[in-house]
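Before any comments, here is the structure.
Computed from heavy atoms alone, side chains included, the values below leave out hydrogens, waters and symmetry copies. Remember, predicted model here, so these are calculated numbers, not experimental data.
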Amino acid sequence: QVQLVESGGGLVQPGGSLRLSCKTSAFVLNNYAIGWFRQAPGKEREGVSCLSTRDDYTKYSPSVKDRFTISRDNAKNTVYLQMNSLKPEDTAIYYCASRFTGSQRMCSIGPEDYERWGQGTQVTVSS
């Protein structure tokens, strides 16, 4: 059973940083893709970043590239999203999601490509 639990959200001032965590089952960190997504009020869910556990290939949306970094710690069964230089427009509920990929490299930031989702964590960027 795939379980995904996000944490680390909160209130931060513009220009600040947060690190989100996605705690998952140990087997998910092999042959799965993990994605981070966000949804702001009144907007569609959008992809932020993804990681292929097959080879650590990563991808970012243009709006967060060079500010956010996705990484994993296998010993802690956790995938992180380090968010720096935060802007008010980054305010949203952030979700992590997983999809079984087997031996294929797959790293998509399209929400429709993922099978399991966490419950989300709120990030608010405001002065």
Side-chain angles (χ1 to χ4, degrees):
Q1 184 82 6
V2 175
Q3 292 186 328
L4 302 159
V5 180
E6 303 95 333
S7 62
L11 173 64
V12 63
Q13 292 187 341
S17 298
L18 280 175
R19 188 177 75 164
L20 305 184
S21 299
C22 175
K23 177 86 169 176
T24 185
S25 309
F27 66 87
V28 172
L29 295 183
N30 289 289
N31 296 321
Y32 277 74
I34 303 293
W36 280 100
F37 301 84
R38 66 186 182 187
Q39 188 165 19
K43 294 188 176 182
E44 293 187 354
R45 190 168 297 188
E46 65 168 331
V48 173
S49 181
C50 63
L51 178 145
S52 168
T53 63
R54 182 74 179 163
D55 59 4
D56 288 304
Y57 175 80
T58 61
K59 187 183 295 182
Y60 299 91
S61 71
S63 61
V64 307
K65 188 172 173 57
D66 298 328
R67 297 191 297 125
F68 291 10
T69 303
I70 190 170
S71 64
R72 62 168 166 168
D73 184 335
N74 287 354
K76 296 182 178 180
N77 299 335
T78 301
V79 175
Y80 300 103
L81 185 68
Q82 177 67 44
M83 306 187 296
N84 299 328
S85 302
L86 283 162
K87 305 175 182 180
E89 51 264 43
D90 293 318
T91 295
I93 299 174
Y94 283 71
Y95 302 87
C96 64
S98 70
R99 172 179 172 153
F100 177 74
T101 61
S103 60
Q104 296 182 348
R105 169 202 280 184
M106 180 272 194
C107 181
S108 167
I109 55 173
E112 66 279 2
D113 292 328
Y114 288 80
E115 300 160 337
R116 301 284 187 180
W117 294 80
Q119 83 290 347
T121 185
Q122 176 72 47
V123 171
T124 303
V125 185
S126 175
S127 55

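There is no side-chain donor-acceptor pair under 3.5 Å between Ser126 and Thr124.
Results of the side-chain hydrogen bond (donor to acceptor under 3.5 Å, both in side chains) test with Arg72 over Thr24, Asp56, Thr53 single out Asp56 as the only residue that passes.
When all heavy atoms of Lys59 and Cys107 are compared, the closest pair comes out as NZ-O, 2.9 Å. Residues Ser127 and Pro14 approach most closely at N-CD, 3.7 Å, considering heavy atoms. A pairwise comparison of heavy atoms in Pro111 and Arg45 identifies CG-O, 3.7 Å as the closest pair. In this structure, Gln122 and Ile93 approach most closely via the heavy-atom pair OE1-CG1, 3.3 Å. Nearest heavy atoms, Ala92 versus Ala40: CB-N, 3.8 Å. The two residues Tyr95 and Glu6 come nearest to each other via the heavy atoms CA-OE2, 3.2 Å.
At most 12 heavy atoms of other shown residues, nucleotides or ligands fall within 6.0 angstrom of atom CD in Glu44. In the displayed structure, Gln104 atom CD is contacted under 6.0 Å by at most 12 heavy atoms of other residues, nucleotides or ligands.
Between the Lys76 side chain and the Lys23 main chain, no donor and acceptor come within less than 3.5 Å of each other. Side chain of Ser7 to backbone of Thr121: no donor-acceptor contact under 3.5 angstrom is found.
Interatomic distance, CZ of Arg19 versus CE of Met83, reported as 11.5 Å (0.5 Å rounding). Atoms CG and CG, on Leu29 and Asp73 in that order, are 9.0 Å from each other to the nearest 0.5 Å. The distance from the OG atom of Ser98 to the CD atom of Glu115 is 6.5 Å, given to the nearest 0.5 Å. Between atom OH of residue Tyr32 and atom CG of residue Leu4 there is a gap of 9.5 Å, rounded to the nearest 0.5 Å. A distance of 14.0 Å separates CG in Asn31 from CZ in Arg105, rounded to the nearest 0.5 Å. Put simply, CH2 on Trp36 and CG on Leu51 are 12.0 Å apart, with the number rounded to the nearest 0.5 Å.
Using a 4.5 Å heavy-atom threshold, the side chains of Met106 and Ser52 count as separate. Using a 4.5 Å heavy-atom threshold, the side chains of Ser108 and Cys50 count as separate.
Linking Ile, Leu, Val, Met, Phe, Trp and Tyr whenever their side-chain heavy atoms come within less than 4.5 Å puts Leu18 and Val64 in one cluster.
Every pair passing side chain to side chain donor-acceptor pair (under 3.5 Å) that includes a residue from residues 82-93 is listed here, sequence neighbours excluded: Ser17-Asn84, Arg38-Asp90, Arg67-Asp90, Gln82-Asn84.
Taking the ring centroids of Phe37 and Trp117, they lie under the 6.0 Å cut-off.
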